[in-house]
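Reading through the structure tokens given below for one structure.
All figures in this text were calculated on a predicted structure; none of them were measured in a lab.
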Amino acid sequence: MPIPELSSGNHNNNSKRLVVKKLFARQQQEGFGAVVRRSIGSFEFRYFDPFLVLDEFSAPSGFPDHPHRGFETVTYMLEGEILHEDCEGHKGVIREGGLQWMTAGKGIVHSEMPSSNPNGIITHNKGLQLWINLSSKHKLVEPSYQEIESKDIAETEKDGVRVRVIAGEWNGVKSKICTRTPTMYLDFTLSPGSRISQPIPLHWNAFVYVLQGQGHFGDAKLQHSAAASHHLLVLGLGGDRLEAWNGSESGLPLRFILVAGEPIGEPMVQFGPFVMNTQEEIDRTIDDFENFTNGFENARHWKSQAASALGLF
């Protein structure tokens, strides 16, 4: 589904998307030495159709061998790099500014582990991981990857606004990513005094996550409109655009992601890394994983090299 381009035309006030929920993502420990700030998927905010989890991870962090079924993971590296391996033999490095869009589909076991320098010291990394649900017709597709290096991510700048187009399009600049669940994912950096008016499809759910600086979103008169780093802002329906601006007097840039997606509208049952439509399907998935069947066959004798080298098995 095509994403509308940024429009500079006149709008009435009713077309604004307003912030209806603001959540501060607190730190928690996860995986192997990871410090994670979880917003979507947390106790306070379980599910935002079609979005299952949003993590901001940092420190010399990693996530040893673990399974997935029924959804997609989007890993976007902000700093450093992370090593990826899976039971199907796929290996790669997601470097700073780069992206991996993984469709787990019917099943994959993989690891995401930190890299080390020539002296064996584990390097710092920081990134975002978003889990996007799949509709029932796509839950059991074959696993696949879309990987883009930083230099190949569509990027443009205009009037003090720099945009990296992860998924969808902005001002005629389009991403190379193909999304099974229609999704828009934009990384904005606004210099002081600059603003955006970004169209969002009317019936799509949308949110903002602030990475750096402080800005206003939606309507400056509302209490929830101002937000700083590590805040998730849930945008209400009833509008066709997000207005955001950097009114900082400190001279600092404002950086945030805007993500929107078409709701799937189907029943959702989640058991950790498995997301299906019914409890029966979850039970079957657990059996498949434990018995190495129906998509998990190659996980029977597989251990990731990175996790094994750290003595985690």
Side-chain angles (χ1 to χ4, degrees), residues 1 31 38 40-41 46-55 63-76 82 84-92 94 99-112 128-148 166-168 175-185 201 203-205 259-304 307:
M1 178 176 181
R38 179 165 296 168
I40 301 174
R46 291 292 190 187
Y47 180 49
F48 189 42
D49 190 7
F51 306 113
L52 297 154
V53 167
L54 178 65
D55 281 348
F63 305 92
D65 306 7
H66 58 281
H68 291 303
R69 175 183 276 182
F71 61 98
E72 298 183 304
T73 66
V74 182
T75 304
Y76 182 33
I82 202 163
H84 177 270
E85 305 174 60
D86 72 30
C87 63
E88 300 296 324
H90 181 274
K91 293 182 181 181
I94 313 171
L99 173 77
Q100 181 194 77
W101 198 293
M102 182 186 82
T103 302
K106 69 178 184 180
I108 200 76
V109 177
H110 74 157
S111 74
E112 300 150 301
L128 298 171
Q129 188 169 91
L130 176 67
W131 293 12
I132 305 175
N133 200 7
L134 289 169
S135 65
S136 55
K137 67 181 179 181
H138 290 136
K139 282 194 175 296
L140 297 180
V141 298
E142 291 293 327
S144 63
Y145 295 91
Q146 299 176 79
E147 295 174 317
I148 303 180
I166 307 303
S175 168
K176 298 178 180 179
I177 292 291
C178 177
T179 62
R180 284 182 171 82
T181 301
T183 304
M184 175 174 68
Y185 189 147
H203 302 295
W204 287 21
N205 285 330
V259 181
E262 184 176 43
I264 293 172
E266 296 178 349
M268 190 275 290
V269 181
Q270 181 174 2
F271 182 78
F274 305 136
V275 181
M276 302 301 290
N277 294 106
T278 67
Q279 185 60 49
E280 181 183 3
E281 291 172 340
I282 288 290
D283 294 341
R284 191 179 310 128
T285 296
I286 295 171
D287 286 343
D288 288 341
F289 175 60
E290 291 179 344
N291 295 304
F292 306 105
T293 57
N294 297 323
F296 294 107
E297 289 85 353
N298 291 333
R300 181 183 295 274
H301 302 295
W302 180 81
K303 303 292 182 186
S304 69

Counting C-beta onward and ignoring hydrogens, is there a side-chain heavy-atom pair between [X] and [Y] closer than 4.5 Å?
{"X": "His110", "Y": "Glu88", "value": "no"}
{"X": "Ile108", "Y": "Tyr145", "value": "yes"}
{"X": "Asp65", "Y": "Trp302", "value": "yes"}
{"X": "Leu128", "Y": "Tyr185", "value": "yes"}
{"X": "Glu112", "Y": "Met102", "value": "no"}
{"X": "Glu142", "Y": "Lys106", "value": "yes"}
{"X": "Ile82", "Y": "Gln100", "value": "no"}
{"X": "Phe71", "Y": "Thr181", "value": "no"}

Please report the interatomic distance [atom1]([X]) to [atom2]([Y]), rounded to the nearest 0.5 Å.
{"X": "Arg46", "Y": "Ile40", "atom1": "CZ", "atom2": "CD1", "value": "13.5 Å"}
{"X": "Thr179", "Y": "Glu262", "atom1": "OG1", "atom2": "CD", "value": "9.5 Å"}
{"X": "Phe51", "Y": "Ile264", "atom1": "CZ", "atom2": "CD1", "value": "9.5 Å"}
{"X": "Glu72", "Y": "Leu134", "atom1": "CD", "atom2": "CG", "value": "4.5 Å"}

Partner residues of Lys176 under the side chain to side chain donor-acceptor pair (under 3.5 Å) criterion, sequence neighbours left out: none
Residues Leu99, Ile177; criterion side chain to side chain contact (heavy atoms under 4.5 Å, CB included); working and verdict: CA-CA 10 Å; Leu99 173 77; Ile177 292 291; 3.9 Å; yes
Under the ring pair (Phe, Tyr, Trp, His ring centres under 6.0 Å) test, residues paired with Tyr47 that sit two or more places apart: none
N/O donor-acceptor pairs under 3.5 Å from side chains in residues 267-276, not counting sequence neighbours:
from   : atom 1 : to     : atom 2 : distance (Å)
Gln270 : NE2    : Gly272 : O      : 3.0

